[in-house]
K.L.:
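Below you will find the structure I want to go over with you.
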Amino acid sequence: LPSAEAEWQEVQIPCLQSGNAAGGSRYDWYRRHLRIPAQWGGRRIFLHLSGARYAPMVFVNDREVGGQLDGWTPCEVEVTGLVEPGGLAAVMVRCQDWGATFIEGFELPENTLGDLREDSIMKGKLLAPIGGHWGSFGPWDDIDLVARPTQFLADVAVETSMQNHTLTIRGVVDGTPAPARVEASVRDAGGNVLSLPPVTVPATGMWVMETAIPDAIRWWSPEDPSLYELVLTLVSPAGATGNLDEQRLRIGFRELWTD
């Protein structure tokens with residue numbers, strides 16, 4: 001953790017720093033004091049990092065909560081139970097330079113310069129893909145505190161197949177398994193254009209639905225970048241009132257493949 005004497009300066013997120021890990025890794029910390037909305041009582045609370053690298057790690061009230069090595073995909077950490085609705089919380093995110101991806105015990109010599117990604121010195125020394133802008137690190141996209149129901153739709157993946165002319169949606173219901181079903185529809189500005197057969201969520205929480213894509217659907221292309229809204233609803237079991245969760249995703253119908 002940063003020392004009590006650490007000097008903090010105000011920044012705007014996204015905020016990227018530069019470093020090449022020569023002579024040892026550098027860590028940067030980002031902190032914010034938040035008041036948790038009182039109306040979030042009874043809901044699950046998450047810190048969502050849309051993009052942060054490398055090895056983002058979340059701390060709440062000086063307690064390490066979780067993170068990931070990857071710096072290119074979103075990272076989400078549940079903080080329910082560590083924060084109090086209506087109370088204050090100190091949230092910190094720590095990011096490391098690309099030294100986070102080095103094998104244990106490896107350190108670049110001091111005064112090392114240049115693009116080292118394909119240098120012989122790095123052969124067998126990296127644990128994860130680096131990609132472009134390898135020397136930049138920090139939160140490169142939004143950081144959000146979000147509240148969700150105790151049971152919600154998670155890990156939704158959408159597959160549109162031009163070859164099979166099918167729309168397939170997969171996902172997981174996060175939370176204590178309970179009888180529920182998932183409903184889905186695809187809409188454009190004029191209203192509903194496609195409804196998928198609803199599925200009952202099994203005890204594993206993992207569900208999948210599939211339907212044929214009608215000819216009226218416009219396939220996405222650079223010349224005609226048609227987009228639709230996918231509406232997913234987690235419906236309460238029979239006899240209960242209200243829906244458990246809803247997600248709205250922007251999608252396009254497109255497939256890439258090689259023969």
Side-chain angles (χ1 to χ4, degrees), residues 1-38 40 43-117 122 125-148 154:
L1 292 171
S3 69
E5 294 76 30
E7 295 184 6
W8 297 86
Q9 62 184 61
E10 188 171 326
V11 297
Q12 293 291 322
I13 303 297
C15 179
L16 286 172
Q17 309 296 327
S18 297
N20 69 353
S25 260
R26 170 181 162 184
Y27 297 84
D28 278 6
W29 294 80
Y30 301 84
R31 180 182 69 180
R32 184 167 180 178
H33 292 91
L34 302 169
R35 183 168 296 280
I36 310 302
W40 284 8
R43 296 172 68 82
R44 296 171 64 185
I45 303 173
F46 297 80
L47 190 72
H48 182 89
L49 311 179
S50 296
R53 66 173 186 265
Y54 300 87
M57 184 64 64
V58 174
F59 296 75
V60 175
N61 297 328
D62 294 338
R63 176 176 173 180
E64 183 177 314
V65 184
Q68 65 181 19
L69 174 61
D70 175 22
W72 305 105
T73 57
C75 173
E76 189 165 278
V77 177
E78 184 166 9
V79 299
T80 310
L82 300 176
V83 297
E84 184 70 28
L88 288 172
V91 177
M92 291 192 296
V93 176
R94 185 191 69 195
C95 293
Q96 185 179 348
D97 60 24
W98 78 314
T101 67
F102 297 174
I103 63 172
E104 186 176 356
F106 175 70
E107 184 177 298
L108 283 173
E110 289 190 35
N111 302 319
T112 304
L113 300 174
D115 188 343
L116 302 170
R117 287 174 294 177
M122 301 306 302
K125 301 298 192 298
L126 296 177
L127 299 173
I130 299 301
H133 304 284
W134 61 277
S136 299
F137 66 102
W140 54 268
D141 207 337
D142 293 340
I143 300 176
D144 297 293
L145 193 69
V146 296
R148 296 199 174 96

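Quick note: numbers below take in every heavy atom, side chains included, and nothing from hydrogens, waters or symmetry partners.
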K.L.:
What's the spacing between Trp72 CH2 and Tyr54 OH if we round to 0.5 Å?
P.N.:
5.0 Å

K.L.:
State the CE-SG distance between Met57 and Cys75, to the nearest 0.5 angstrom.
P.N.:
8.0 Å

K.L.:
Could you tell me if the side chain of Pro2 sits less than 4.5 Å from the side chain of Met92, heavy atoms only?
P.N.:
yes

K.L.:
Using side-chain heavy atoms (C-beta onward) and a distance below 4.5 Å, is Lys125 in contact with Phe102?
P.N.:
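No, their side chains stay 4.5 Å or more apart.
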
K.L.:
Step through the shown structure and confirm whether more than 12 heavy atoms of other residues, nucleotides or ligands are within 6.0 Å of CG on Asn111.
P.N.:
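Atom CG in Asn111 is not packed in, count stays at 12 or less.
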
K.L.:
Is any side-chain heavy atom of Asp144 closer than 4.5 Å to a side-chain heavy atom of Phe46?
P.N.:
no

K.L.:
Could you tell me whether a side-chain N or O of Arg31 sits under 3.5 Å from a main-chain N or O of Val93, the two making a donor and an acceptor?
P.N.:
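Not confirmed, Arg31 side chain does not pair with Val93 backbone.
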
K.L.:
Rounded to the nearest 0.5 Å, how far apart are CZ of Arg35 and NE2 of His33?
P.N.:
12.0 Å

K.L.:
Is the positively charged end of Arg94 above the ring of Phe59, judged by distance under 6.0 angstrom from the centroid and angle within 45° of the axis?
P.N.:
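No; the conditions do not both hold, so Arg94 does not lie above the ring face of Phe59.
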
K.L.:
Which atoms form the tightest heavy-atom contact between Asp62 and Leu1, and what is the distance?
P.N.:
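Looking at all heavy atoms of both residues, the shortest contact is O-CD1, 3.6 Å.
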
K.L.:
Would you compute the distance between atom CG of Leu113 and atom CG of Leu108 and round it to the nearest 0.5 angstrom?
P.N.:
10.5 Å

K.L.:
To the nearest 0.5 Å, how far apart are CZ in Arg32 and CD1 in Ile143?
P.N.:
10.0 Å

K.L.:
Indicate yes or no for a side-chain donor-acceptor contact from Asp97 to the backbone of Arg26 under 3.5 Å, with no hydrogens or angles considered.
P.N.:
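Present.
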
K.L.:
Which pair of heavy atoms, one from Arg53 and one from His133, lies closest together, and at what distance?
P.N.:
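Here Arg53 and His133 meet closest at NH2-O, 3.0 Å.
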
K.L.:
Check step by step if side chain to side chain contact (heavy atoms under 4.5 Å, CB included) holds for Val91 and Val79.
P.N.:
CA-CA 10 Å; Val91 177; Val79 299; over 6 Å; no

K.L.:
With heavy-atom distances below 4.5 Å as the criterion, would you say the side chains of Val83 and Val60 are in contact?
P.N.:
yes

K.L.:
Ignoring hydrogens and angles, tell me if any N or O in the side chain of Thr80 forms a donor-acceptor pair with the backbone of Ile45 under 3.5 Å.
P.N.:
yes

K.L.:
Might you point out which heavy atoms bring Leu47 and Leu145 nearest each other, and give the distance in Å?
P.N.:
CD1-CD1, 3.9 Å

K.L.:
What is the minimum heavy-atom distance between Ala100 and Ser25, and which atoms define it?
P.N.:
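That would be N-OG, 4.1 Å.
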
K.L.:
Using 0.5 Å steps for rounding, measure from the CH2 atom of Trp40 to the CZ atom of Arg148.
P.N.:
10.0 Å

K.L.:
On a heavy-atom basis, which atom in Glu78 and which in Val65 lie closest, and how many Å separate them?
P.N.:
O-CG1, 3.5 Å

K.L.:
Could you tell me which non-hydrogen atom of Ala52 sits nearest to which non-hydrogen atom of Trp140, and how far apart they are?
P.N.:
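That would be N-NE1, 3.3 Å.
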
